[in-house]
Amino acid sequence: MSTRPRVSARISAISESATLAVDAKAKAMKAAGRPVIGFGAGEPDFPTPGYIVEAAVQAAREPRFHKYTPAGGLPELKQAIADKTRRDSGYAVEASQVLVTNGGKQAVYEAFATLLDPGDEVLVVAPYWTTYPEAIKLAGGVQVDVVTDESTGYLANVEQLEAARTERTKVLLFVSPSNPTGAVYSREQTEAIGRWAAEHGLWVVTDEIYEHLVYGGAEFTSIATAVLELGDRVVILNGVAKTYAMTGWRVGWLIGPSDVVKAATNLQSHATSNVANVSQAAALAAVSGDLSAVAEMRAAFDRRRQTMVRMLNEIPGVFCPEPKGAFYAYPSVKDLIGKELRGRRPQSSGELAELILEEAEVAVVPGEAFGTPGYFRLSYALGDDDLVEGVSRMAKLLSEAR
Ligand SMILES: Cc1ncc(COP(=O)(O)O)c(C=O)c1O
């Protein structure tokens with residue numbers, strides 16, 4: 001019998017997506033008849049706008065879409081993404097600099113696979129979204145965390161980044177608005193960070209998937225446009241999932257300099273080829289249309305955001321800075337760890353989240369999933385009544401902590 005491991009070391013090192021795991025557990029409890037309220041999912045609760053769905057229906061009837069198309073994306077979609085990028089962030093790119101991917105996730109994976117050699121370091125601001133570490137690791141890269149906390153609203157500054165930089169640093173990952181914290185960097189902060197990266201010859205991979213979900217006085221700033229000194233060492237990741245409520249359609253993209261895009265397209269041509277044409281046609285309708293659908297969603301998210309943050313901050317032991325973008329709140333629950341609650345004494349935010357799921361039938365994602373134990377991520381992309389009921393249940397339970 002072979003003593004070789006059944007699963008390769010590289011792949012067994014990948015952990016399960018904690019956010020999807022929480023969602024799956026909540027859905028399973030719901031299916032078993034328990035009235036679970038889930039704050040785990042990272043997706044809008046709205047359906048995809050009708051005109052986008054209609055474009056897909058039409059495309060499904062067209063025989064040319066029943067065939068393989070270019071691996072890097074439909075030419076008309078690549079052009080529309082280039083035009084949309086110019087419209088929304090003022091960044092001028094050619095269609096040849098766009099690669100259409102199976103969701104933003106594939107763009108994340110391909111960006112790191114294309115840029116990193118073994119040992120290359122990537123600066124990642126923690127709390128970070130769960131997919132980045134796995135994509136960096138698979139590419140042989142080394143993640144270097146730059147840890148932030150609630151005292152700065154989870155924003156990193158140049159001094160912290162500089163302290164983490166070494167000779168081997170190749171890439172800065174810049175995500176604003178952020179998943180999981182909802183933090184949004186101001187134009188000045190973005191410029192300072194971008195100039196520092198340019199000065200040290202770093203690449204910037206910037207994830208702009210939440211660009212249209214900012215609230216109050218916050219504004220989205222694309223680091224690519226704000227800091228022209230970065231030159232062609234910028235890779236933008238984006239997609240239709242969050243802006244147009246299209247998580248299930250699986251269309252994202254990567255924008256970068258021609259050599260990087262060409263190499264990433266070669267990778268994709270062997271891995272998955274073209275994204276499903278019907279989905280690409282839907283994405284074409286989305287990015288060439290206006291932004292009225294996202295404006296409506298944004299108004300609903302903003303209302304829910306304010307309700308959630310107010311209610312969370314009323315719970316003793318919970319502190320939640322105001323998230324300025326995306327659709328997540330990221331409260332600290334550090335003061336509740338180790339306290340007695342319903343005969344148990346949770347020793348981590350993971351254990352506390354489990355207890356809340358069992359006792360209050362409310363699902364939240366513990367901070368362990370995002371590199372910072374002691375916190376919860378709650379998505380406010382769910383109906384207003386469920387949101388109030390869910391946070392009220394949590395508040396009632398947590399008020400018993402002694
Ligand atoms: C920050 C961020 N980037 C990228 C994605 C990828 O989204 P998708 O693969 O659904 O397009 C997500 C989804 O949760 C995200 O939160």
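Counting starts at 1 for both ligands and their atoms, in listed order.
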### Query
Parallel, tilted or perpendicular: which fits the ring planes of Y375 and Y330, with parallel below 30° and perpendicular above 60°?
parallel

Could you tabulate the donor-acceptor pairs under 3.5 Å formed by side-chain atoms of residues 24-41, not counting sequence neighbours?
unit_1, atom_1, unit_2, atom_2, d
K27, NZ, D23, OD2, 2.9
R34, NE, E361, OE2, 2.8
R34, NH2, E358, O, 3.2
R34, NH2, E361, OE2, 3.3

Using only heavy-atom distances, determine whether the side chains of [X] and [Y] contain a donor-acceptor pair under 3.5 Å.
X	Y	value
E121	T166	yes
T101	Q268	no
N277	R64	no

### Message
Please identify which of these residues, F46, Y328, Y215, meets the ring pair (Phe, Tyr, Trp, His ring centres under 6.0 Å) condition with F301.
### Response
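That would be F46; it is the only one of F46, Y328, Y215 passing the ring pair (Phe, Tyr, Trp, His ring centres under 6.0 Å) with F301.
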
### Under 4.0 Å from ligand 1 - residues by heavy atom, chain and number
G103, G104, K105, W129, Y132, N179, D207, I209, Y210, A241, K242, R250

